Amino acid sequence: MVAPPGGVLDDAGMDLLFREAHTANAFTDEPVTDEQLRAIHDLVKWGPTAMNSQPLRLVAVRSPEARRRLVPLMSENNREKTAKAPLTLIAAADSDFHEHLPVTFPHRRRARDSLAAFPGREGIARFNASIQLGYLIVGIRAVGLAAGPMAGFDAEGVKKEFLADTNRHPMAVVNIGRPAPGAFAPRNPRLEYDQVVTTI
């Protein structure tokens, strides 16, 4: 199919990533493989971040023991779907991202040292990891899976249970897998162009 005006993806690609994609609340039992997770990362890593900082860190909750630790930390309405999802990711912002800058941002030699004592470093990490979280959702869709991102969880509890003794800060929990029948709620309305865009 020819790409529509204003884009290079065909309708099927745009539907897959945006127009027909929904947040999934239920999944089949089909596992999400390490290869699929790597394929998602291989897409997401190319999304732009400030100073190529790439602060998003993921904890893949696979084992029954790890899931038993996570589920009680979810909001009540998120527990069952997290317990049953084939794979759950804890998405966190790493405020020690600057340690990687000699490799990821090599042309700015003093970037790591200048950020080491910078009080706004955690804010940089959270902002850019939030951008990457958006890439993650689209990357999950791009490999043919569905995402169920959630902010309803005990962030302090997840930090203590899974990210203790790190400078990583949990931002979201994302269930991923093949959507089960009835996984999608009806789509809510979206704002129109003129409600969003102001031209000056």
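This one's a predicted model, so the numbers in the text were calculated from it and none came from an experiment.
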Please evaluate residues Glu65 and Arg69 with respect to the criterion salt bridge (charged side-chain N to carboxylate O under 4.0 Å, His left out), reporting the C-alpha separation (whole Å), side-chain torsions for both, the decisive distance (0.1 Å), and the verdict.
CA-CA 7 Å; Glu65 184 271 335; Arg69 289 159 53 203; 3.5 Å; yes
Test log, rule side-chain contact (heavy atoms from CB on, under 4.5 Å), inputs Arg121 and Phe97
CA-CA 9 Å; Arg121 197 175 72 235; Phe97 68 88; 3.5 Å; yes
For Asp96 and Arg168: C-alpha separation, side-chain torsions, deciding distance, then whether salt bridge (charged side-chain N to carboxylate O under 4.0 Å, His left out) applies.
CA-CA 8 Å; Asp96 283 340; Arg168 300 179 180 187; over 6 Å; no
Going through the distances and angles, do Val61 and Ile90 end up as a side-chain contact (heavy atoms from CB on, under 4.5 Å)?
CA-CA 7 Å; Val61 180; Ile90 299 170; 3.9 Å; yes
With side-chain contact (heavy atoms from CB on, under 4.5 Å) as the test, would you mind laying out the steps for Glu161 and Leu73 before giving the verdict?
CA-CA 9 Å; Glu161 191 68 33; Leu73 300 172; 4.0 Å; yes
Do Met150 and Thr82 pass the side-chain contact (heavy atoms from CB on, under 4.5 Å) test, and can you show the C-alpha distance, the side-chain angles, and the key distance before you say yes or no?
CA-CA 10 Å; Met150 299 167 289; Thr82 301; 3.5 Å; yes
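Cluster annotation: Val158 is connected to Val59 through the hydrophobic network of ILVMFWY side chains, with a link wherever side-chain heavy atoms come within less than 4.5 Å. Under the 4.5 Å side-chain heavy-atom criterion for Ile, Leu, Val, Met, Phe, Trp and Tyr, Val174 and Leu37 are members of the same hydrophobic cluster. When the side chains of ILVMFWY residues are joined at heavy-atom separations under 4.5 Å, either directly or via intervening members, Ile40 and Trp46 end up in two distinct hydrophobic clusters. Grouping the Ile, Leu, Val, Met, Phe, Trp and Tyr side chains by contacts below 4.5 angstrom, directly or via other members, places Val32 with Val143. Cluster annotation: Leu58 is not connected to Met171 through the hydrophobic network of ILVMFWY side chains, with a link wherever side-chain heavy atoms come within less than 4.5 Å.
The line from CG of Leu89 to CZ of Arg62 is 8.5 Å long, rounded to the nearest 0.5 Å. Separation of atoms CD1 (Ile176) and CD1 (Ile140) is listed at 4.5 Å; rounding is to 0.5 Å. A distance of 7.5 Å separates CG in Leu145 from CD in Glu30, rounded to the nearest 0.5 Å. Note that the CD1 atom of Ile124 and the OG1 atom of Thr49 stand 11.0 Å from one another [nearest 0.5 Å]. Here the straight-line distance linking atom NE2 of His98 with atom OG of Ser114 works out to 9.0 Å at 0.5 Å rounding. Taken to the nearest 0.5 Å, the CZ atom of Phe18 stands 8.5 Å off from the CG atom of Leu9.
Between Gln36 and Asp34, the side chains place no donor N or O within less than 3.5 Å of an acceptor N or O (distance only, hydrogens not considered). Side-chain contact of Thr88 with Arg67: a donor-acceptor pair under 3.5 Å is present, judged by distance alone.
Within 6.0 Å of CZ in Phe127 there are 12 or fewer heavy atoms belonging to other residues, nucleotides or ligands. Residue Lys84 qualifies as open at atom NZ: its count of foreign heavy atoms under 6.0 Å is 12 or below. Within a 6.0 Å sphere centred on CZ of Arg190, heavy atoms belonging to other residues, nucleotides or ligands number more than 12. Residue Glu99 qualifies as enclosed at atom CD: its count of foreign heavy atoms under 6.0 Å is above 12. More than 12 heavy-atom neighbours from other residues, nucleotides or ligands sit within 6.0 angstrom of CZ on Arg187. The environment of CD in Gln195 is crowded: more than 12 heavy-atom neighbours from other residues, nucleotides or ligands sit within 6.0 Å. Counting heavy atoms of neighbouring residues, nucleotides and ligands inside a 6.0 Å radius, atom CG of Asn77 exceeds 12 of them.
Looking only at side-chain heavy atoms (C-beta outward), Phe153 and Leu70 stay at 4.5 Å or farther from each other. In this structure, the side chains of Phe184 and Thr23 stay at 4.5 Å or more apart for every pair of heavy atoms. Under the 4.5 Å side-chain criterion, counting only non-hydrogen atoms from C-beta, Leu136 is not in contact with Val138. Proximity of Arg19 to Leu17: side-chain heavy atoms (C-beta onward) are nowhere separated by under 4.5 Å. Between Ile137 and Pro149 the shortest side-chain heavy-atom distance falls below 4.5 Å. Between Leu87 and Pro31 there is no side-chain heavy-atom pair separated by less than 4.5 Å. Inter-residue side-chain proximity for Lys81 and Asn78 is flagged as met; some heavy-atom pair is nearer than 4.5 Å. You'll find the side chain of Val44 stays beyond 4.5 Å of the side chain of His41, heavy atoms only.
Between the side chain of Arg79 and the backbone N or O of Met74 there is at least one donor-acceptor pair closer than 3.5 Å. Of the possible donor and acceptor atoms, one in the side chain of Asn52 sits under 3.5 Å from a partner among the backbone N and O of Thr104. Here the side chain of Tyr135 pairs a donor or acceptor atom with the backbone of Pro48 at under 3.5 angstrom. Although no hydrogens or angles enter the test, the distance criterion places a donor-acceptor pair under 3.5 Å between the side chain of Ser95 and the main chain of Asn167.
Pairing each heavy atom of Leu101 with each of Ser53, the nearest pair is CD2-CA, 4.4 Å. Here the closest non-hydrogen pair linking Leu163 and Pro170 is CD1-CD, 3.8 Å. Smallest separation of non-hydrogen atoms from Lys159 and Thr166: NZ-O, 2.5 Å. Smallest separation of non-hydrogen atoms from Ala50 and Asn128: N-OD1, 2.8 Å. For the residue pair Ala129 and Ala93, the shortest heavy atom distance occurs at CB-CB, 3.7 Å. Residues Ala91 and Leu56 share a closest heavy-atom pair of CB-CD1, 3.9 Å.
Salt-bridge formation is not detected for the pair Lys160/Glu156: no Lys NZ or Arg NE/NH1/NH2 atom is positioned less than 4.0 Å from an Asp or Glu carboxylate oxygen.
Residues satisfying the side-chain hydrogen bond (donor to acceptor under 3.5 Å, both in side chains) test with Arg126, not counting sequence neighbours, are Glu122.
The side-chain tip of Arg178 does not point at the ring of Phe27 from less than 6.0 angstrom away and within 45° of straight on.
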